[in-house]
Protein chains: 2
Amino acid sequence: MFSKACEYGIRAAVYVALQSLDGRRVSVNEIAEEIDSPIAFTAKILQQLSRSKVIHSVKGPTGGFELDRTEMDTVKLSMIVHAIDGDDIYIGCGLGLKECNANQPCPLHDKFVDIRTDLKNMLENTSLYELATGLEVGLTYLKR
Amino acid sequence: MFSKACEYGIRAAVYVALQSLDGRRVSVNEIAEEIDSPIAFTAKILQQLSRSKVIHSVKGPTGGFELDRTEMDTVKLSMIVHAIDGDDIYIGCGLGLKECNANQPCPLHDKFVDIRTDLKNMLENTSLYELATGLEVGLTYLKR
DNA sequence: CAAATAAAGGACATTTTTATCCTATTTATT
DNA sequence: AATAAATAGGATAAAAATGTCCTTTATTTG
Ligand code: FES
Ligand code: FES
């Protein structure tokens, strides 16, 4: 469904949000440790997220990644997926035709669009805050 | 969403079904031409589909790929996706945790499972016959 | 100002996916 | 029986995704 990079990206962003709720700024090393992902690869992904304003980065000692409380509400999963995986998942044809086009649909179009629309809505309506709060109360996990 | 191999596999299977409705057996070359896919790669995928009983293959002159009319109803998309992409799409965690586990869910679990279940149901309830008939009446396309 | 710390970024390595090529096998036709 | 047509399958190549390593840049602290 999502690329590995995107999975790590979401997990990382949720962890940053969670720690920011406590006013903690976190390092790449801590993030990779806590979401169980390869450090250097995670660093690349965090760069992307920072460039696309999903999270905020601070260099130097005491630096790290963080996220304002208000941004946790405005940053939706769709922004992360878009930043890392692009918009294939939103506009691509399920059977791989050049673009999804309702005027010359592939045989799966109608059924595929239904699912894709649900997925899109879900991603657009899910904020980092929402995901972080589940974690906070120990209901969900970022690694196992 | 699906791998390239899976996209080609579904398109190929639908084309085989369509032609079988007319009693025509089709070659790899014709299939690749009609679904706009790389020939040799498509041949590999057709082998997989044949081994997993999604379509039937016949060697030698006048040989090719075909599908009984009754099998067009029983062969569902889920079988093709499973044969080519495995069951990650059905049982994998959306955020990449080892397995999807409702007892130790990732933050996206509930919302992700909803979508995944819809997708699974859609694939399990969509037959090759259904997809082929749309094509037959010129309503849908396998290439553009 | 010097040193230490942390992200940014470039270069490279590995693995997986996608794609091609060639040979072997099966089978219909003459 | 010989030939030709078609799939099966092995070996290899190319491209993309994933992952690592090392240097540069920014910034805090002593
Ligand atoms: S054309 Fe294939 S999903 Fe829309
Ligand atoms: S645990 Fe992540 S989707 Fe179920």
Side-chain angles (χ1 to χ4, degrees), chain A residues 1-13 15-16 19-20 24-33 35-67 81 83-86 88-89 92 95-96, chain B residues 1-13 15-16 19-20 24-33 35-67 81 83-86 88-89 92 95-96:
Chain A
M1 184 80 87
F2 306 123
S3 68
K4 277 285 160 201
C6 193
E7 291 174 355
Y8 296 150
I10 295 173
R11 305 221 301 268
Y15 183 73
V16 170
Q19 294 305 318
S20 289
R24 293 191 65 234
R25 199 177 269 171
V26 286
S27 69
V28 172
N29 286 274
E30 175 178 339
I31 294 170
E33 167 69 25
I35 71 172
D36 193 23
S37 65
I39 298 178
F41 192 45
T42 302
K44 296 292 190 201
I45 296 160
L46 288 166
Q47 278 178 43
Q48 285 188 69
L49 294 182
S50 175
R51 278 196 295 262
S52 47
K53 316 285 186 195
V54 166
I55 55 180
H56 191 239
S57 84
V58 179
K59 281 181 164 186
T62 78
F65 296 89
E66 63 186 358
L67 189 58
V81 173
I84 298 176
D85 281 351
D88 263 33
I89 203 169
L95 296 190
Chain B
M1 183 80 89
F2 306 124
S3 68
K4 276 286 160 200
C6 193
E7 291 175 354
Y8 296 150
I10 295 173
R11 305 220 303 267
Y15 183 73
V16 169
Q19 294 305 319
S20 289
R24 292 191 65 233
R25 199 177 268 169
V26 287
S27 70
V28 171
N29 284 275
E30 176 178 339
I31 295 170
E33 168 69 27
I35 71 172
D36 194 22
S37 65
I39 299 178
F41 192 46
T42 303
K44 296 293 191 201
I45 296 161
L46 288 165
Q47 278 178 42
Q48 285 188 71
L49 294 182
S50 176
R51 277 195 296 262
S52 46
K53 315 285 187 198
V54 166
I55 56 180
H56 188 84
S57 84
V58 179
K59 279 183 166 185
T62 79
F65 296 88
E66 64 187 359
L67 190 58
V81 173
I84 298 176
D85 281 352
D88 262 32
I89 203 168
L95 295 190

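Throughout, a chain's letter reflects where its sequence line sits, starting with A, and its residues are numbered from 1.
Comparing A/C6 and A/P61 by the nucleotide of DNA chain D whose heavy atom lies nearest to each, the residue mapping closer to the 5' end is A/C6. Both A/T62 and A/Y8 lie close to DNA chain D; mapped to their nearest nucleotides by heavy-atom distance, the more 5′-ward contact belongs to A/Y8.
Within residues 40-58 of chain A, the residues having any heavy atom closer than 4.0 Å to DNA chain D are, in order of number, A/A40, A/F41, A/K44.
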For this session: Output, in order, the C-alpha distance, side-chain angles, deciding distance and verdict of side chain to side chain contact (heavy atoms under 4.5 Å, CB included) for B/S57 and B/L46.
Result: CA-CA 9 Å; B/S57 84; B/L46 288 165; over 6 Å; no
Problem set entry | side chain to side chain contact (heavy atoms under 4.5 Å, CB included) between A/V54 and A/L67, worked out | CA-CA 8 Å; A/V54 166; A/L67 189 58; over 6 Å; no
For this session: I would like to know whether B/Y15 and B/E30 meet side chain to side chain contact (heavy atoms under 4.5 Å, CB included); could you show each step before the answer?
Result: CA-CA 10 Å; B/Y15 183 73; B/E30 176 178 339; 2.5 Å; yes
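The main-chain N or O of B/F2 is never found under 3.5 Å from a side-chain atom of B/D85 such that the two would form a donor-acceptor pair.
Between A/V58 and A/E66, the shortest heavy-atom contact is CG2-OE2, 3.8 Å. Of all heavy-atom pairs between A/L49 and A/G9, the closest is CD1-O, 3.6 Å. The nearest pair of heavy atoms linking A/I84 to A/S3 is CG2-OG, 4.3 Å.
Protein chain A touches strand DNA chain D; the 5'-most and 3'-most nucleotides with an atom under 4.0 angstrom of its non-hydrogen atoms are D/dT18 to D/dT28. Think of the region where chain A sits on DNA chain C: with heavy atoms and a 4.0 Å cut, that region ends 5' and 3' at C/dA4 to C/dA11.
In this structure B/S20 satisfies the side chain to side chain donor-acceptor pair (under 3.5 Å) test with no other residue, sequence neighbours excluded. Every residue meeting the ring pair (Phe, Tyr, Trp, His ring centres under 6.0 Å) condition with A/Y8, not counting sequence neighbours, appears here in chain and number order: A/F41. In this structure, B/D88 has no side chain to side chain contact (heavy atoms under 4.5 Å, CB included) partners at least two apart in sequence or on a different chain.
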